[in-house]
Amino acid sequence: MPELPEVETIVTGLKANLLGRRVKELVFISPHLKKKQLPGAFRPEAYRRRKILDIWRRGKMIVFRFDGQLGLLVHLKMTGQLFLADPARKIDKHTHARLTFYGLKKELLFRDIRKFGFLNCLALSQIEEKIKTDLGPEPFEISLNDFRYLLKRHGQKRLKNWLLDQKIIAGIGNIYSDEILFRARLSPFRLAGSLTEEQAVRFYRAARRVLEEAIALKGSSISDYVDAMGEKGGYQRRHRVYARDGQLCPRCHREKIVRQKINGRSTFYCPACQL
DNA sequence: ACCTTCTCCTGACAGC
DNA sequence: TGCTGTCAGGAGAAGG
């Protein structure tokens, strides 16, 4: 579900409510979360009385920093949700973890229908190491020059796969890759190394603009996504190609939006104006 | 290095 | 109503 704009929105909400809070208790409700812990993981009890000093996003991951160099790494994958709920809310079978705090009525719930997501209890140093090996630069931090370098370096990859590869650029998923390529007027099948200078600049700017606009509208809610307060986003109303196959291209009006699998992922594009 | 396919898991929806 | 197949925002593994 959540790509960069959705995770960014969640983190903004979490920070507003949780910075400086001290943990009462972290509870794993479902046993599968325990199985996903990495070697060297802390037990949930280690989080008692720890204070949240910072929360941030890296790619599609959420990182919590507690005192004592303790960290928490969360990935929501397809259907994960991390939101503050009233304690009176019933815990359904898809709710897998709960975090409670001193002096806060709401509790933080981790819910995930498909159970692809994880919540890893690690030292902050372990999290930083994992991020360093698993993720490429952030779309908002990379320079145009570095962006161009990465296009050449992975020049044999199709643009669609290039955007989806978290080791090249972190945070972009299936929705935003299609929206970015549409905005940049580039075909998802183009090889990354084949872009002209002008196209590379357009591509770089399109990525930033699409992600910025999506953040401004608090992300896209297709089915499961909600922010930290349990609210839906609004960017799905602005999607120009994603899930719009069969509709006339909103830009050139010459062809219908086509849906085609690339790398096992449905890809939507206009065959007339994305070249 | 890159591609495709399969895999983890649950639920929604289309077609019969 | 109920079956079967397909699809879904992610991403790692395996094989070509």
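Here is the naming used below: chain letters follow the sequence lines, and residue numbers restart at 1 for every chain.
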- prompt: C:dA8 phosphate, OP1 or OP2: any side-chain N/O from A:Ser266 under 4.0 angstrom?
  reply: yes
ILVMFWY cluster, A:Leu191 and A:Val201 together (side-chain gap under 4.5 Å): no
- request: Measure from NZ on A:Lys36 to P on C:dG10 and round the result to the nearest Å.
  value: 15 Å
query: Is A:Asp67 paired with A:Arg22 through a side-chain N to carboxylate O contact shorter than 4.0 Å?
result: yes
query: From C:dG10, B:dT4, B:dG11, pick the nucleotide closest to the side chain of A:His94?
result: B:dG11
task: Using the closest heavy atom to pick a nucleotide of DNA chain B for each, name whichever of A:Gly264 or A:Lys157 lands nearer the 5' end.
output: A:Lys157
task: Could you tell me whether A:Lys36 atom NZ has more than 12 heavy atoms of other residues or ligands within 6.0 Å of it?
output: yes
query: How many Å lie between CD1 on A:Ile175 and C1' on C:dA11, as a whole number?
result: 16 Å
field: For atom CG of A:Leu38 and atom C1' of C:dG12, their distance in whole Å
entry: 13 Å
message: Expressed as a whole number of angstroms, how long is the span from A:Met78:CE to B:dA12:C1'?
response: 13 Å
- request: May I have the distance from A:Leu159 (atom CG) to B:dC3 (atom C1'), rounded to whole angstrom?
  value: 15 Å
query: Are A:Leu122 and A:Leu70 linked, directly or through other ILVMFWY residues, by side chains that come within less than 4.5 angstrom of each other?
result: no
- request: Looking at every strand, decide which applies to A:Ser177 at a 4.0 Å heavy-atom threshold: base, sugar-phosphate, or nothing.
  value: nothing
- line: For DNA chain C, consecutive-pair runs of 3 or more (Watson-Crick or G-U wobble, both H-bond-type distances under 3.5 Å) give B:2-8 with C:10-16, B:10-16 with C:2-8
- prompt: Are the charged groups of A:Asp178 and A:Lys160 less than 4.0 angstrom apart, N to O?
  reply: yes
Test: A:Glu197 and A:Arg148 ion pair at under 4.0 Å: yes
- request: Return the orientation label for the A:His94 and A:His96 ring planes: parallel under 30°, perpendicular over 60°, tilted otherwise.
  value: perpendicular
- request: Apply the salt bridge (charged side-chain N to carboxylate O under 4.0 Å, His left out) test between A:Arg57 and each candidate in A:Glu6, A:Glu141, A:Glu138; give the one that qualifies.
  value: A:Glu138
Ring centroid separation A:Phe83 to A:Phe110 under 6.0 Å: no
query: Phosphate oxygens OP1/OP2 of C:dA11: is one of them under 4.0 Å from a side-chain N or O of A:His75?
result: yes
A:Arg202 bridged to A:Glu198 by N-O distance under 4.0 Å: yes
message: Base, sugar-phosphate or nothing for A:Asn161? Non-hydrogen atoms, less than 4.0 Å.
response: sugar-phosphate
- prompt: C:dA11 C1' sits how many Å from A:Leu163 CG, rounded?
  reply: 16 Å
- prompt: Roughly how many Å is it from CZ in A:Phe268 to P in C:dA8, rounded to a whole number?
  reply: 6 Å
message: For a quick check of understanding: with a heavy-atom distance under 4.0 Å over all strands, which category does A:Lys167 fall into, base, sugar-phosphate or nothing?
response: nothing
task: Give one of base, sugar-phosphate or nothing for A:Tyr242, where a contact means two heavy atoms less than 4.0 Å apart.
output: sugar-phosphate
Could you go through nucleotides 7-9 of chain B and list every protein N or O atom that sits under 3.5 Å from one of its N or O atoms, giving the distance for each pair?
unit_1, atom_1, unit_2, atom_2, d
B:dC9, O4', A:Arg114, O, 3.3
B:dC9, O2, A:Arg114, NE, 2.8
B:dC9, N3, A:Arg114, NH2, 3.3

Interface residues of residues 127-156 of chain A with DNA chain C (non-hydrogen, below 4.0 angstrom): none
Phosphate OP1/OP2 of C:dA11 contacted by A:Gln166 side-chain N/O (<4.0 Å): yes
query: Tell me: CZ of A:Arg265 to C1' of B:dT4, nearest whole Å?
result: 14 Å
query: Which nucleotide, B:dT5, B:dC3, C:dA8, lies nearest any side-chain atom of A:Lys261?
result: C:dA8
message: When the P atoms of C:dT6 and B:dT5 are compared, how many Å lie between them, rounded to an integer?
response: 14 Å
query: What interatomic distance, in whole Å, is found between P of B:dC9 and the corresponding atom of C:dC3?
result: 22 Å
task: May I have the step-by-step check of ring-ring contact (aromatic ring centres under 6.0 Å, His included) for A:Phe182 and A:Tyr269, ending in yes or no?
output: CA-CA 6 Å; A:Phe182 178 79; A:Tyr269 65 98; over 10 Å; no
query: Under the ring-ring contact (aromatic ring centres under 6.0 Å, His included) criterion, do A:Trp162 and A:Phe147 qualify, and how do the steps go?
result: CA-CA 11 Å; A:Trp162 188 91; A:Phe147 190 88; 5.2 Å; yes
- request: For A:Lys60, look at atom NZ and say whether over 12 heavy atoms of other residues, nucleotides or ligands are found less than 6.0 Å away.
  value: yes
